[in-house]
Number of protein chains: 2
Amino acid sequence: MTFSIGILSRRAGVKVPTIRYYEQVGLMPSPPRTDGQQRRYGDAEVARLNFIRHARELGFEVDAIRELLAMSAQPEESCAEVDRLARRHLAEVEQRITRLIALRTELQRMVTECGHGRVGECRVIQVLADHGECDHDHGGGRPGSTGFAEA
Amino acid sequence: MTFSIGILSRRAGVKVPTIRYYEQVGLMPSPPRTDGQQRRYGDAEVARLNFIRHARELGFEVDAIRELLAMSAQPEESCAEVDRLARRHLAEVEQRITRLIALRTELQRMVTECGHGRVGECRVIQVLADHGECDHDHGGGRPGSTGFAEA
DNA sequence: CCTACAAGCTCTAGCGACTAGAGGATCAAG
DNA sequence: CTTGATCCTCTAGTCGCTAGAGCTTGTAGG
């Protein structure tokens, strides 16, 4: 009926220290303890932890999960807020994708233009040194040392 | 000829505390100081800081930038290592994109399936509660409370 | 009943790349 | 010479864990 944190860990696929961390930040309840102060859990906690894990895998932040959990405890309420949270997160993910795709394009251009010669002519280094070469190639970054200060 | 950290900050588009942080972690040199211990920089530092900023914008980690800077100081060396670093980073970016697109798909499905009714029937909550509903929809998550423990 | 020892406990510190703030010194312009 | 913007160092906080020290507890076998 009740079980230890290690069992809970295996059942929900969340590491033991992470469960304790979730308790600390208020995602998981403070469970009852044995006489020796060891935590005892039940099936409800497995469900809750699965919910948390899945939400984390989808990239929801701990604050958002706290809200989602609070809302899910009110099944009669309108789910407009839940929807809003999920949409906002979706928008963030889409923004990250957009930015990463721009990065990928830039990195691809850098590596395909690298002539595999010496560092002095390396496009990768040139593009990094001169931001102006980033979006449009206006030809001929000067070869040679970049002339940086040394750390 | 030489200028303060604030001027360097404006010229390179990097905040003052970030410049000091870069000095601390060895990306920027320890510059000469005035009698009153204030840092003085020259144009080489503007170039170096621009390089760092651009590399950060492309998502290179500080460790990678340290290596890139070291390599760029050796223009006669082969750029194979530079190339390797850039390609590895590109591969990481591509992986992140792949994962984020999977997340986006899942989130889109969640929000489009939400009927905008009560929380008890909300698909967003249901999918989060039951990982099994994630990749393939086998119909009819039971409505009602999720039955979690409370935090 | 006793002994191992796995698993639990608390507490602190570390990751990466900054950011914020306190509390004080210095520099440049008027 | 005064004002006030800028600079200095230092510590601590962010986020979501993860690692480790040093100790206690639970449980299974003998």
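Because the structure is a prediction, the values reported are computed rather than measured. Per chain, numbering begins at 1; letters A, B, ... match sequence-line order.
Distance CD1 (Ile19(A)) to C1' (dT10(C)): 16 Å, rounded to an integer number of Å. Atom-to-atom, CD1 of Ile52(B) to P of dG16(C) comes out at 17 Å; the value is rounded to the nearest Å. Per the geometry, CG belonging to Asp63(B) stands 15 Å off C1' belonging to dC18(C), to the nearest Å. dT6(D) atom C1' lies 14 Å from atom CG of Leu8(B), rounded to whole Å. As rounded to whole Å, 8 Å separates atom P of dC17(D) from atom CD1 of Ile65(A). Rounded to whole angstrom, the span from the CG atom of Leu49(B) across to the P atom of dA17(C) amounts to 16 Å. With rounding to whole Å, Tyr21(A) atom OH is found 10 Å from dT18(D) atom P. Per the geometry, CD belonging to Glu23(B) stands 15 Å off P belonging to dC18(C), to the nearest Å.
Comment: Arg109(B) engages Glu106(B) in a salt bridge, judged by a side-chain N to carboxylate O separation of less than 4.0 angstrom. Between Glu45(A) and Arg48(A) there is no salt bridge, since no side-chain nitrogen of the basic residue lies less than 4.0 Å from a carboxylate oxygen of the acidic one. Salt bridge status for Glu121(B) with Arg118(B): present, with a side-chain N to carboxylate O gap under 4.0 Å.
At a threshold of 4.0 angstrom between heavy atoms, the contacts of Arg20(B) include nucleobase atoms, whether or not backbone atoms are also involved. Across all strands, Tyr22(A) comes closer than 4.0 Å only to sugar-phosphate atoms, never to a base (heavy-atom distances).
Residue pairs meeting the salt bridge (charged side-chain N to carboxylate O under 4.0 Å, His left out) criterion with at least one member in residues 85-98 of chain B, sequence neighbours excluded: Asp83(B)-Arg87(B).
If Phe60(B) and Ile7(A) are placed on DNA chain C by their nearest nucleotide, the residue sitting closer to the 5' end is Ile7(A).
Remark: Arg66(A) pairs with Asp63(A) by the salt bridge (Lys or Arg N to Asp or Glu O under 4.0 Å) rule, at least two apart or across chains.
Comparing dC9(C), dC18(C), dC7(D) by their closest approach to the side chain of Val16(B) singles out dC7(D). Here dC17(D) is the nucleotide among dC17(D), dT6(D), dC18(C) with the atom lying nearest to any side-chain atom of Arg56(A). Closest approach to the Ile5(A) side chain among dC9(C), dC18(C), dG16(D) is made by dC9(C) (side chain taken as heavy atoms from C-beta onward).
The cationic atom of Arg11(B) (NZ for Lys, CZ for Arg) does not lie both less than 6.0 Å from the six-membered ring centre of Tyr41(B) and within 45° of the ring axis.
Side-chain N/O atoms of Ser4(B) include none lying less than 4.0 angstrom from OP1 or OP2 on dT6(D). Applying the 4.0 Å criterion to OP1 and OP2 of dG8(C), one finds that Arg39(A) has every side-chain N and O outside that range. At the phosphate of dT19(C), OP1 or OP2 sits under 4.0 Å from a side-chain N or O atom of Thr18(B).
Of the possible polar contacts, one joining the His54(B) side chain to the Val127(A) backbone as a donor-acceptor pair under 3.5 Å is found.
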*Under 4.0 Å protein heavy-atom contact, by nucleotide of nucleotides 20-30 of chain C - B base, S sugar-phosphate only*: ------SSS--

